[in-house]
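Provided herewith is a single structure, encoded as structure tokens, for subsequent inquiry.
All of these numbers come straight from a predicted model, not from anything done at the bench.
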Amino acid sequence: MLLISRYERMIARRYLLPGRSEAFIAVVAGFSLVAVMLGVAALIVVMSVMNGFRAELFDKITGLNGHAVVQGYGGQLRNWRAVLDEARKTPGVTSATPLIEQPLFATYNGRAEFIQLRGMRMEDILSNPTLKGKEVVGSLKSLKPGGEQVAIGSRLAESLGATVGSEISILNPAGAATPFGTMPRIVKYKVAAIFEVGVYDYDKVFAVMPIEDAQTLLLLGDGVSMIELETVDPDRVAQILQPLNDKVSGVGQITDWRMMNSELFEALAVDRTVSFTILSIILVVAAFNIVSSLIMLVRAKTRDIAVLRTMGATRGGLMRIFVTVGTTIGALGVAAGGVLGFLFITFREGVVKFIGLVTGQNIWDPQMRFLTELPAKTDPFQTIGICVMALIFCFLATLYPAWKAASTDPVQVLRYE
């Protein structure tokens, strides 16, 4: 706008508001603006949801599994205290936590469910960022070593029909050896708390108890099955833990968060790229709408263009007028799309509930989506990139109609007027 003269701005302003005889042109221009708005809003919303989905999953997964784990061979980490000391001495490792994790079965009132038993030290249970403050009923502080108590996920509690105070039976198939074979070990535990971390698969199977009780149930003595590690930079976890990997190779192996969840995060990355590409087509369609509306405007204003040329208007001046008209339509669409996108993100839960109410379908089923709520995380640089891309598309769409207007021969036009 700063590069065009005063009269060019005036004419561009008049062409943005066509008269009654050009009402159809105004309608097409309006459709172009709406298409740009919807394209920008859709890209901002989808990319924000994708970013939020990845961030939430990463926080939840690493919150319970750490950035990496040192797993012992045969389900038990021998000489784990020495491994723990080596891990804590490794540069870049911020924490190292011993724990026990074992798939078992739980029963209550005739119902049986698969569970993932996790034994942790009490200080680690209370300080774990994924578990802290996530109690739905009861309190994690109620867990006491040797008290035969357990905390379970909310979905697991629903499946079993258990609540705080219920006594569930946990079955360890690898029980004590007897002359008649291995007898399963069944121990009853009182539910002290029910938590909800927000990841359906975790809330469905996880049961947490003090590490001493887990050792007793699994007949591990003083042993643990793994050591959970956290580092200063999860994206560099492999390089940070390389020295430790060389030292523990004889007693266990290190598995980082990428190895444990590689398929999930790769699928998210592919889905993100495909969604961005497909939704960008909306902006291309909007650009074609701008082309068509400007071509119609040029055709309707052919006589005016010829008169301007005879009055001294240059080809460059005419190009700037129509480029300004088309770019303004695109800029208004981008601004409206940004506002619409941020409104959708802010009230996304209400929108999801409204769509579900109208369609009668549960469009955000935690069993399918992993997370219990629709996440969103807006990246300012990504949002700016989307807006700039949309503006570039709109600018490029104006060049051909503007060139056609500038190429108008006033002699040929006025000869037949």
Problem set entry | Minimum-distance pair of heavy atoms, taken over all atoms of Val36 and Gly330 |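 Of all heavy-atom pairs spanning Val36 and Gly330, the closest is CG1-O, 3.7 Å.
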Exercise. Heavy-atom distance under 4.5 Å between the side chains of Asp203 and Phe195, does that happen here?
Worked result: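 They are in side-chain contact.
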For this session: Report yes or no: does Arg185 contribute a side-chain atom to a donor-acceptor pair with the main-chain N or O of Asn172 at less than 3.5 Å?
Result: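 It does not hold such a pair.
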Exercise. Looking at Val197 and Tyr202, what are the two nearest heavy atoms and their distance?
Worked result: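 Residues Val197 and Tyr202, closest heavy atoms: CG2-CB, 3.8 Å.
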Exercise. Yes or no on side chain to side chain contact (heavy atoms under 4.5 Å, CB included) for Leu104 and Leu218, after CA distance, side-chain angles and deciding distance?
Worked result: CA-CA 10 Å; Leu104 299 173; Leu218 299 174; 4.0 Å; yes
Exercise. Leu43 and Phe276: side chain to side chain contact (heavy atoms under 4.5 Å, CB included), yes or no, with the steps?
Worked result: CA-CA 7 Å; Leu43 278 172; Phe276 181 84; 3.7 Å; yes
For this session: Kindly determine whether Leu297 and Phe322 satisfy side chain to side chain contact (heavy atoms under 4.5 Å, CB included), including the steps that lead there.
Result: CA-CA 9 Å; Leu297 182 62; Phe322 286 95; 4.0 Å; yes
For this session: Of all the heavy-atom pairs spanning Gly39 and Ile282, show the shortest one and how long it is.
Result: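 Distance-wise, the nearest heavy atoms are CA-CG2, 3.5 Å.
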Exercise. Does the distance from a Lys or Arg side-chain N to an Asp or Glu carboxylate O, for Arg81 and Asp222, drop under 4.0 Å?
Worked result: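 Salt bridge flag = yes for Asp222 with Arg81.
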For this session: Flag the pair Val291 / Ile295 as yes when at least one side-chain heavy-atom distance between them is below 4.5 Å, and no otherwise.
Result: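 Val291 reaches Ile295 side chain to side chain.
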Problem set entry | Non-hydrogen side-chain atoms of Leu318 and Thr314 separated by less than 4.5 Å |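 Side-chain contact under 4.5 Å: no.
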Exercise. CE of Met209 to CD1 of Ile152: how many Å apart, nearest 0.5 Å?
Worked result: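 Between Met209 CE and Ile152 CD1, I get 11.0 Å after rounding to 0.5 Å.
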Exercise. Of Lys134, Glu196, Lys204, Glu135, which is the lone residue that meets side chain to side chain donor-acceptor pair (under 3.5 Å) with Ser154?
Worked result: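 Of the listed options, the one satisfying the test is Glu196.
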Exercise. Can you tell me how far the OG atom of Ser166 sits from the OH atom of Tyr108, to the nearest 0.5 Å?
Worked result: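 Atom-to-atom, Ser166:OG and Tyr108:OH are 3.5 Å apart.
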Problem set entry | Pairwise side-chain contact, Ser275 with Asp271, heavy-atom cut-off 4.5 Å (strictly under) |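 Of all side-chain heavy-atom pairs linking Asp271 with Ser275, at least one is under 4.5 Å.
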Problem set entry | Gap separating the CZ atom of Arg236 from the CD atom of Gln242, nearest 0.5 angstrom |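 Rounded to the nearest 0.5 Å, the CZ-CD separation comes to 12.5 Å.
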Exercise. What distance separates Met47 CE from Ile345 CD1, expressed to the nearest 0.5 Å?
Worked result: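 The distance works out to 11.5 Å.
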Exercise. Side chains of Leu117 and Ile100: closer than 4.5 Å at any heavy-atom pair?
Worked result: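 No; the side chains remain at least 4.5 Å from each other.
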Problem set entry | Salt bridge present between Glu167 and Lys190 (N-O < 4.0 angstrom) |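 Looking at Lys190 together with Glu167, the answer is no, because their closest N to O distance does not fall below 4.0 Å.
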Exercise. So among Val83, Val224, Val70, which one has a side-chain contact (heavy atoms from CB on, under 4.5 Å) with Pro98?
Worked result: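 Of Val83, Val224, Val70, side-chain contact (heavy atoms from CB on, under 4.5 Å) with Pro98 is met by Val224 alone.
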Exercise. Under 3.5 Å, is there a donor-acceptor pair between the side chain of Asp256 and the main chain of Ala238?
Worked result: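 No, the answer is negative, given that no donor and acceptor are paired below the 3.5 Å cut-off.
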For this session: Evaluate the criterion side chain to side chain contact (heavy atoms under 4.5 Å, CB included) for residue pair Leu99 and Met226; output intermediate values, then yes/no.
Result: CA-CA 6 Å; Leu99 57 87; Met226 64 182 69; 3.1 Å; yes
Exercise. Taking side chain as C-beta onward, heavy atoms only, is Thr163 less than 4.5 Å from Val191?
Worked result: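 They are not in contact (no side-chain heavy atoms under 4.5 Å apart), so the answer is no.
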Exercise. Does Asn245 use its side chain to pair, donor to acceptor, with the backbone of Leu241 at less than 3.5 Å?
Worked result: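 No: the side chain of Asn245 does not pair with the backbone of Leu241.
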Problem set entry | Polar side-chain atom of Thr94 near backbone of Glu230 as donor-acceptor pair, under 3.5 Å |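 Yes: the side chain of Thr94 pairs with the backbone of Glu230.
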Problem set entry | Whether Gln76 side chain and Gly223 backbone form a donor-acceptor pair below 3.5 Å |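 Checked: no pair found.
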For this session: Answer yes or no: are there more than 12 heavy-atom neighbours, outside Phe347 itself, under 6.0 Å from its atom CZ?
Result: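 It does not: Phe347 CZ has 12 such atoms or fewer within range.
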Exercise. Does a side-chain heavy-atom distance below 4.5 Å link Val205 with Phe114?
Worked result: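 In short, these two side chains touch, coming nearer than 4.5 Å.
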Exercise. Could you give the distance from CG (Leu220) to CD (Glu212), rounded to the nearest 0.5 Å?
Worked result: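 Leu220 atom CG to Glu212 atom CD measures 12.5 Å (nearest 0.5 Å).
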Exercise. Taking side chain as C-beta onward, heavy atoms only, is Asp235 less than 4.5 Å from Trp257?
Worked result: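 Yes, at least one pair of side-chain atoms sits under 4.5 Å.
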For this session: Please answer whether the main-chain N or O of Met319 pairs with a side-chain N or O of Trp403 as donor and acceptor at a distance below 3.5 Å.
Result: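 Checked: no pair found.
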Exercise. Is the backbone of Val298 close enough, under 3.5 Å, to the side chain of Thr302 for a donor and an acceptor to pair up by distance?
Worked result: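 Looks like yes, one N/O pair under 3.5 Å.
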Exercise. Which atoms form the tightest heavy-atom contact between Leu143 and Ala192, and what is the distance?
Worked result: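 In terms of heavy atoms, the two residues are closest at CD2-CB, 3.9 Å.
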For this session: Might you work through the salt bridge (Lys or Arg N to Asp or Glu O under 4.0 Å) test for Arg111 and Glu158, ending with a clear yes or no?
Result: CA-CA 11 Å; Arg111 300 181 184 180; Glu158 290 176 8; over 6 Å; no
For this session: Assess whether atom CZ of Arg299 is packed by more than 12 heavy atoms of other residues, nucleotides or ligands within 6.0 Å.
Result: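 Incorrect, the count does not exceed 12.
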Exercise. Between the main-chain N or O of Leu229 and the side-chain N or O of His67, is there a donor-acceptor pair closer than 3.5 Å?
Worked result: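 It does not hold such a pair.
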For this session: Grab the two heavy atoms, one from Asn289 and one from Phe31, that are nearest each other, plus how far apart they are.
Result: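 The answer is ND2-O, 4.3 Å.
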Exercise. Are the charged groups of Glu86 and Lys247 less than 4.0 angstrom apart, N to O?
Worked result: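 The answer is yes: the pair qualifies as a salt bridge.
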For this session: Indicate whether the side chain of Lys377 and that of Ser48 have a donor and an acceptor atom separated by less than 3.5 Å.
Result: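 Side-chain D/A pair, Lys377 to Ser48: absent.
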Problem set entry | Any donor-acceptor pair under 3.5 Å from Thr90 side chain to Val93 backbone |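 Checked: no pair found.
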For this session: Indicate yes or no: does Glu8 engage Arg13 in a salt bridge with an N to O separation below 4.0 Å.
Result: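 So Glu8 does not pair with Arg13 through a salt bridge.
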For this session: Locate the shortest heavy-atom distance separating Ser293 from Ser32; write the atom from each residue and the value.
Result: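 Minimum heavy-atom contact is OG-OG, 4.0 Å.
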Problem set entry | From CD (Glu123) to CD1 (Ile211), nearest 0.5 Å |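 These two atoms lie 9.5 Å from each other.
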Exercise. Is a side-chain N or O of Thr327 found less than 3.5 angstrom from the main chain of Phe395, in a donor-acceptor match?
Worked result: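 Looks like no, no N/O pair under 3.5 Å.
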